[in-house]
Each structure stands twice: as C-alpha cells, then as structure tokens.
Amino acid sequence: LSYAGMDWLCPGYSVVLQDKLEQHRTSLTPELVINDVISIVQTGDLHAVVYDLTEMTMYVANARGSQETGPLKAYDRTFTRFNMTELFELA
C-alpha cells in the first residue's frame, strides 16, 4: 500500500488519509478510494489519480476548466477509467 497526501508536512491531510486507508486496509478498491478516501480527505484539488496495478487500470479526475461547469476541485468531479493494458498496446 502506497500513498501520498499533499506533502509530508500536512498532518491535516496525511493523518486523515492514513486513518481512511487503515479503515479499509483489506477492502480497498478504486471505487472505494474515490468515494470514501479521496473525497473525505479532500486531496487532489487540481488532479487526482487512483491506480489499480492488479487490474492495470487508472482513474483520473481533473479540476474544472474555465469553460466547464460542475464541481471545481478534481476530487469532487467524475473520474475517468483508463485500461492501461490497452493503452500500452497502442504505444
């Protein structure tokens, strides 16, 4: 299990992130991380990413663009799922 919340000098994020990850240690899925970890910790204002290396998928959300509507911060927006196996085959 690997994580980084903001930076190492932000206990307001790192401690909450650690607590949420410990709470779900044996049941983490990308969907759970998106819905009950990132959204609660509120980390990823500009860009938020969740990797599932077992399934070779990546979930990405970006902050609202100046010409877009909806939530401002990435962690509040819809995450897009990418199948990395398929994408690497195209490279």
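Bear in mind that the values here come from a model prediction, so they are computed numbers and not experimental data.
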**Report entry** Residues R77, E68; criterion salt bridge (charged side-chain N to carboxylate O under 4.0 Å, His left out); working and verdict
**Finding:** CA-CA 11 Å; R77 296 181 61 81; E68 297 177 317; 3.6 Å; yes
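- M58 and L53 fall within the same hydrophobic cluster, defined by Ile, Leu, Val, Met, Phe, Trp and Tyr side-chain heavy atoms under 4.5 Å apart, directly or through other members.
- Annotation for Q23 and D36: closest pair NE2-OD2, 4.3 Å, computed over non-hydrogen atoms.
- Between the NZ atom in K20 and the CG atom in L32 there is a gap of 8.0 Å [rounded to 0.5 Å].
- Remark: N62 CG to T78 OG1 distance equals 11.5 Å, nearest 0.5 Å.
- Closest non-hydrogen pair, V37 versus H24, comes out as CG2-CD2, 4.3 Å.
- In this structure, N35 contributes its side chain and E31 its backbone to a donor-acceptor pair below 3.5 Å.
- What you find for A74 and F79 is that their closest heavy atoms are O-CE1, 4.1 Å.
- One hydrophobic cluster holds both V60 and L87 under the rule that ILVMFWY side chains link at heavy-atom gaps under 4.5 Å.
- With rounding to the nearest 0.5 angstrom, the CD1 atom of I38 is 14.5 Å from the NZ atom of K73.
- Note that CG of L17 is 12.5 Å distant from CD of Q42, once rounded to the nearest 0.5 Å.
- I34 and F82 end up in different hydrophobic clusters when Ile, Leu, Val, Met, Phe, Trp and Tyr side chains are linked at under 4.5 Å.
- Y51 and V33 fall into different hydrophobic clusters, where Ile, Leu, Val, Met, Phe, Trp and Tyr are joined by side-chain heavy atoms under 4.5 Å apart, directly or via other members.
- Within 6.0 Å of CG in L72 there are more than 12 heavy atoms belonging to other residues, nucleotides or ligands.
- To the nearest 0.5 Å, atoms CD1 (I40) and OH (Y75) are separated by 10.5 Å.
- T57 and R81 make their closest contact through CG2-NH2, 3.0 Å (heavy atoms, listed as atom of the first residue, atom of the second, distance).
- Rounding to the nearest 0.5 angstrom, the gap separating the CE atom in M56 from the CG atom in N83 is 8.5 Å.
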